[in-house]
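Below you'll find the structure, written out as structure tokens, and then a few comments.
Chain letters run A, B, ... following the sequence lines, proteins first, then strands; residues in each count from 1.
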Amino acid sequence: MSVEQPQETDELVAQRLAKLASLRARGVDPFAAERFDRTHLAEEVRERFDALAESGEKVAVCGRIVAIRTMGKAAFVHILDASGRIQVYFKLDNVGPEAFSLLEFFDVGDFLGIHGPVFRTRTGEITIQVQTFDILGKALRPLPVGKQKGEEQWYALQDVEQRYRQRYLDLIVNPRAREPLLKRIQVVSEVRRFLEGRGFLEVETPVLQPLAGGAAARPFLTHHNALDADLHLRISLELYLKRLVVGNLEKVFEMSKVFRNEGISPRHNPEYTLLEVYEAYTDLEGMMALTESLVDHVTRALYGGRKFTYAGTEIDVTPPWPRRSMMELLEACAGLTRDDFATLARARAAGERLGLPMEKEHTIGGIIDKVFEKACQPGLVQPAFVTDFPLDLSPLAKKKPGDPWLTRRFEAHIAGQEIANAFSEVNDPIDQRQRFEEQRRMREAGEEDAHPYDADFLRALEHGMPPTGGLGIGIDRLAALLADVPSLRDVIFFPQMRPE
RNA sequence: GAGCCGUUAGCUCAGCCGGCAGAGCAUCUCCCUUUUAAGGAGAGGGUCGUUGGUUCGAAUCCAACACGGCUCACCA
């Protein structure tokens with residue numbers, strides 16, 4: 001694909017430029033219009049049709065032309081506004097010959113405002129009888145709209161690359177593309193409403209950070225000229241939010257972009273929206289209750305009930321969700337016990353028996369996680385909490401009392417996907433320092449994504465942090481789940497693409 | 001990063017055992033005053049992703065590259 005300025009040598013563009021010139025020659029400048037005061041959206045005209053038809057009241061409606069059918073001395077035009085389509089009817093006798101002659105300079109894609117009463121055609125379609133109209137803008141490039149009859153579409157934009165790169169066209173042309181994107185907006189809105197309703201403060205923390213911590217991932221690098229300092233784009237929200245908990249903000253959340261310098265796939269976008277929530281004086285059980293309530297709230301807001309369908313399977317989010325420990329699940333679905341993971345060599349052997357490549361695995365916990373994902377995760381279809389994660393996977397989670405090999409951490413799984421991750425946060429600065437040191441050793445052993453040693457964060461913990469529960473949810477994945485679409489790109493307006 | 005698949009008119013797609021580049025929609029001209037995937041008559045529109053190669057001849061066969069999709073790897 002190439003992006004070029006519209007050329008007059010392009011036939012379709014040249015025709016539109018000629019029509020623009022013709023309109024201007026008649027004293028009608030499509031780009032001179034600044035406003036149109038509509039009385040109704042298309043949907044409102046349909047909803048209130050009976051009353052509008054009875055009173056004979058004139059309506060004012062505006063939108064983009066998406067279909068034109070001319071019939072000599074009359075024409076039917078469909079216009080599209082934010083609420084949907086509506087048909088309008090131009091008749092020579094109604095608008096007069098001079099105005100009617102302007103129709104020949106209209107194209108699909110142009111903007112139109114019309115005034116007139118409503119009626120129903122012989123075939124029953126609700127229609128506006130145009131008395132006067134204004135041209136509100138002209139399209140110089142053709143709009144790839146197809147034919148449409150009810151829900152059915154023909155010839156609409158299918159090319160996936162063009163749909164992502166020119167999402168505005170996708171949104172005009174493909175109603176089925178629009179729905180998941182609108183659901184995502186609703187998910188974000190309802191999450192915010194839910195948390196604010198429970199007294200959480202929404203905060204903003206730095207995107208540009210000297211150290212990108214709080215998760216195991218590779219960051220993007222950038223440079224601040226005035227400071228002459230290398231900075232990282234954040235990979236998580238965690239460590240700054242916990243600094244705020246230290247600072248007496250007891251209930252905070254942030255729902256914003258983080259950036260991970262990794263591959264792109266239907267389930268990964270380099271920048272994605274992460275929700276993190278922290279609440280002082282609660283623990284992972286508190287975070288479980290919060291997670292259940294949050295997902296339940298959003299599901300009910302979207303669907304009016306506690307069930308929805310994903311990939312043909314009905315999901316029921318009614319709390320409480322079952323809690324199972326990771327080792328318990330591993331034994332049930334793979335027949336593996338703690339003995340199988342007693343040493344790095346034994347753990348690798350267990351992984352290889354399941355056909356997993358183990359060359360790059362440096363920690364027992366990493367192998368357990370990989371084996372779990374392969375053997376157990378696909379089976380976790382209905383919502384469930386998985387608890388007791390290995391210590392070396394969870395350098396920011398409190399150790400499990402009496403079993404310091406494990407942590408007070410859970411993940412929530414739905415439809416075979418991880419949708420939330422939470423724990424009782426480490427608030428012992430000495431423990432946290434040791435964990436960072438352990439991560440440093442792992443990095444030196446070849447684990448590129450190990451957490452960085454963050455001395456500034458340790459200083460904050462040394463000033464004292466209350467016991468705190470923390471929760472993270474990938475909003476794009478949650479939205480894709482709730483919108484029942486297979487790819488994150490279906491809930492991201494402009495997914496990352498290689499530059500053209 | 002690897003494997004597989006795709007790229008032909010503005011849009012959706014045929015054509016791919018090598019032999020003059022096609023259809024529907026859209027566009028343009030003409031007819032048509034309640035049509036609706038409107039209809040009727042006619043016309044224009046192409047660097048077949050790019051660059052090489054094989055061949056008398058390449059959209060078609062081969063190679064490299066570009067972009068995209070899926071799967072895998074990494075991760076959430």
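For the P atoms, the distance from B:rG57 to B:rC20 is 15 Å, rounded to whole Å.
Counting any heavy atom pair closer than 4.0 Å across all strands shown, A:Lys91 reaches a base atom. Heavy atoms of A:Asn261 sit nowhere under 4.0 angstrom from any nucleic acid atom. A:Arg489 comes within 4.0 angstrom of the backbone, heavy atoms only, and of no base. Within 4.0 Å (heavy atoms only), A:Glu418 reaches sugar-phosphate atoms of the nucleic acid but no base atom. Residue contacts shown for A:Ala216 are limited to sugar-phosphate atoms, with no base heavy atom under 4.0 Å away. A:Gln87 comes within contact range of at least one nucleobase, with a heavy-atom separation under 4.0 Å. Heavy atoms of A:Phe90 sit nowhere under 4.0 angstrom from any nucleic acid atom.
Within 3.5 Å, no donor on the side chain of A:Arg122 pairs with an acceptor on the base of B:rU34, nor the reverse.
The cationic group of A:Arg260 does not satisfy the cation-pi geometry with A:Tyr272, failing either the under 6.0 Å distance to the six-membered ring centre or the 45° limit from the ring axis.
Between A:Phe133 and the options A:Phe111, A:Phe106, A:Phe100, a ring-ring contact (aromatic ring centres under 6.0 Å, His included) holds for only A:Phe106.
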Test side chain to side chain donor-acceptor pair (under 3.5 Å) on A:Ser256 and A:Arg234 and set out the steps. CA-CA 11 Å; A:Ser256 191; A:Arg234 64 184 175 190; 3.0 Å; yes
With salt bridge (charged side-chain N to carboxylate O under 4.0 Å, His left out) as the test, would you mind laying out the steps for A:Arg441 and A:Glu438 before giving the verdict? CA-CA 5 Å; A:Arg441 280 192 288 278; A:Glu438 178 58 28; 2.9 Å; yes
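One interatomic measurement links the two molecules: CE of A:Met71 to P of B:rC31, which rounds to 15 Å at whole-angstrom precision. The distance between atom CD of A:Glu373 and atom C1' of B:rC74, rounded to the nearest whole Å, is 11 Å.
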I'd like a table of atom pairs between the protein and nucleotides 28-30 of chain B - only N or O on both sides, under 3.5 Å - with the distance next to each one.
| from | atom 1 | to | atom 2 | distance (Å) |
| --- | --- | --- | --- | --- |
| B:rC28 | OP1 | A:Lys19 | NZ | 2.3 |

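In a base pair of the Watson-Crick type (N1 to N3 plus N6-O4 or O6-N4) or a G-U wobble (N1-O2 and O6-N3), with each distance short of 3.5 Å, B:rA14 is matched with no nucleotide.
Residue-environment remark: NZ (A:Lys370) exceeds the threshold of 12 foreign heavy atoms within 6.0 Å.
Taking the six-membered ring where the residue is Trp, A:Phe194 and A:His297 present tilted rings, their angle falling between 30° and 60°.
The pair A:Lys242-A:Glu238 meets the salt-bridge criterion, with a side-chain N (NZ, NE, NH1 or NH2) lying under 4.0 Å from an Asp/Glu carboxylate O.
Among the nucleotides B:rA73, B:rU33, B:rG68, the one closest to the side chain of A:Leu92 is B:rU33.
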For each nucleotide in nucleotides 5-14 of chain B, reading 5' to 3', give B when a protein heavy atom comes within less than 4.0 Å of its base, S when such contact involves only the sugar-phosphate, and - otherwise. -----BSSS-
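In summary, the aromatic rings of A:His451 and A:Phe457 are positioned with their centroids too far apart to meet the 6.0 Å limit.
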